[in-house]
Amino acid sequence: MRGTGLTHDVFRDVRFTVRQLRKTPGFTCTAAFTLGLGMCASVAIFAFVDAALLRPLPYANPSRLVGVYERVEMFPQSNLSYADYLDWKALNKSFDALAAYQRSEATLTAAGGAQPVPAARVSDDFFRTLGVMPVVGRDFRPGEDLPSSAHTVLLSYSAWQTRYGGIPGVLGQSVTLNGVPHVIVGVLPRHFHFAPAEPAEFWVTLHGSGSCDLRRSCHNLFGVARLKEGVSVRAAATDMTAVAQQLEKAYPDSNRGQGAAVLALEEVIVGMIRPMLMVLLSGAGLLLAIAAVNVTSLLLVRAEGRKREVAIRTALGASTARVIRQFVIEAVVLVTLGTTLGLLCGYWAVQLLTSLIPAGILATMPFLQDLGVDARVAAFAGALA
């Protein structure tokens, strides 16, 4: 019964608060708008931080994935040559798998003529290294990236939908890329992305038969690897440096001064934008703090003008706790209004900020596509409230 009475009293306080706020629309709108502005900035920036920095990469056990590079004095993260990649793959002691990839552009020849399309060249174990399986068809088979193998291709999900209407019968069809027929063997998952090679619609096998591939001094590939259990990124870097030193001795003309670099894949994908996002989030937090201080000042000024009301309520028997509860409920109602307004404005702010990113840059950051105010962002707003 006591709990029921308390609930009834709280509801009465809420109704009284709503009536009081309706009597002072200027104060109510100012306070709600101020809080909403601060909340909007925090929500919008957090949506970017969550998508880029907090959500796990869409791969199996992503913490074990690393980017693998050659290292020279001027370029601490430089390309691998195809020959060095094969040697690194054979000689390393740190990786369960080491795959290679190259972002490129291909010429698609179809009934409507030839057109350039974004593509990527990958070794046959690239998707197995990431722990990604096609949703339609199969992955590349071992050996399909050898020069003597038939040319096969995997489609991105978007290419499957836009170019082939999403029909399962696309498997086994031939598509001509750079004048060479490729057989479509599979379709990648809808939410798969690999930012360093995006925006790729066609994922073809390396084959290693081009003029650059045949020269150890020609560097055009990057590496991605899965660490063995118990091997750290630092240990893998030490191992690969030792391998690079072996190759430098064996091929002094082409490999002089070449070392190795190993970085966590998360750092490879979002490392460059992390500082910028953290600065923006800090600025948004500061704006929210300023908004809260301003609204607190408004509430204090308003409370000063309600001394007579408080005195009358106290004289009629209201306890100090009851009076404090009334003021707390008023603050909660204002915060609820400000948070609701902040979420609504935050959604539009996210869309606006995303639209300001050039299409070419946004295509290389697929984790920012389809960005919005989802349950995680709403939960963050609730925590701030």
Side-chain angles (χ1 to χ4, degrees), residues 52-73 75-103 120-133 139-146 188-189 192-198 203 205-206 208 216 219-251 255 257-274 367:
L53 306 182
L54 300 183
R55 292 182 184 271
L57 297 174
Y59 318 122
N61 198 5
S63 63
R64 306 303 299 166
L65 292 172
V66 293
V68 182
Y69 304 89
E70 287 190 335
R71 184 185 190 94
V72 294
E73 185 175 353
F75 301 101
Q77 297 175 36
S78 60
N79 308 61
L80 301 167
S81 70
Y82 181 69
D84 284 344
Y85 155 69
L86 294 178
D87 287 334
W88 283 22
K89 190 180 184 74
L91 298 175
N92 84 84
K93 301 175 183 178
S94 303
F95 306 136
D96 281 329
L98 172 59
Y101 65 90
Q102 177 193 16
R103 179 168 59 190
R121 300 172 66 217
V122 297
S123 57
D124 58 26
D125 58 348
F126 177 79
F127 296 105
R128 289 189 294 276
T129 300
L130 295 179
V132 174
M133 292 294 295
D139 192 0
F140 297 127
R141 292 180 179 138
E144 280 192 330
D145 60 351
L146 298 176
L188 295 169
F192 167 77
H193 63 74
F194 188 74
E198 297 288 356
W203 299 76
T205 45
L206 276 173
R216 188 177 289 271
H219 301 257
N220 62 343
L221 302 176
F222 294 102
V224 59
R226 183 170 291 276
L227 294 171
K228 290 181 178 179
E229 200 65 37
V231 177
S232 67
V233 175
R234 177 174 294 183
T238 302
D239 177 32
M240 297 313 301
T241 299
V243 172
Q245 290 172 350
Q246 293 181 45
L247 296 180
E248 183 177 9
K249 293 178 182 178
Y251 307 100
N255 287 53
Q258 289 181 185
V262 179
L263 290 83
L265 186 60
E266 181 182 8
E267 187 67 23
V268 172
I269 292 177
V270 300
M272 292 185 64
I273 65 173
R274 187 193 305 274
F367 44 83

* What pairs meet the salt bridge (charged side-chain N to carboxylate O under 4.0 Å, His left out) rule with one or both residues in residues 121-131, with sequence neighbours excluded? -> Lys89-Asp125, Arg121-Asp213, Asp124-Arg128, Arg128-Asp139
* To do: Compute whether any side-chain donor of one residue and acceptor of the other, for Asn61 and Ser63, lie under 3.5 angstrom apart.
  =>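 Checked: Asn61/Ser63 side chains pair up, N/O donor to acceptor below 3.5 Å.
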Do you know the tightest heavy-atom contact between [X] and [Y]?
X: Thr129; Y: Leu65; answer: O-CD2, 3.4 Å
X: Ala52; Y: Val270; answer: O-CG1, 3.2 Å
X: Glu70; Y: Asn79; answer: OE1-O, 3.1 Å
X: Val68; Y: Ala225; answer: CG2-CB, 3.8 Å
X: Trp88; Y: Ala244; answer: CZ2-CB, 4.3 Å
X: Tyr59; Y: Leu130; answer: CB-O, 3.1 Å

* Asked: Can you check whether Ala264's main-chain N or O pairs, donor with acceptor, with Glu267's side chain at less than 3.5 Å?
  -> no
* Within the distance-only criterion (no hydrogens, no angle test), does the side chain of Ser81 pair as donor or acceptor with the backbone N or O of Arg216 below 3.5 angstrom? -> yes
* Going through the distances and angles, do Leu227 and Phe95 end up as a side-chain contact (heavy atoms from CB on, under 4.5 Å)? -> CA-CA 4 Å; Leu227 294 171; Phe95 306 136; 3.6 Å; yes
* Asked: How many angstroms lie between NZ in Lys93 and CG in Asp239, if you round to the nearest 0.5 Å?
  ->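 Output value for this atom pair is 7.0 Å.
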* **Aromatic contact, Trp203 with Phe192 (centres under 6.0 Å)** => yes
* Begin with the C-alpha distance, continue with both residues' side-chain angles, and end with the deciding distance and a verdict on side-chain contact (heavy atoms from CB on, under 4.5 Å) for Val268 and Phe222. => CA-CA 11 Å; Val268 172; Phe222 294 102; over 6 Å; no
* Which of these, Glu248, Glu73, His219, Arg71, sits in a side chain to side chain donor-acceptor pair (under 3.5 Å) with Gln258? -> His219
* Under the salt bridge (Lys or Arg N to Asp or Glu O under 4.0 Å) rule, collect the residues that match up with Glu266, sequence neighbours excluded. =>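 Residues passing salt bridge (Lys or Arg N to Asp or Glu O under 4.0 Å) with Glu266: none at all.
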* To do: Look at atom CZ of Arg55 and say whether more than 12 heavy atoms of other residues, nucleotides or ligands are closer to it than 6.0 Å.
  =>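 Yes, because the 6.0 Å sphere around CZ of Arg55 holds more than 12 heavy atoms from other groups.
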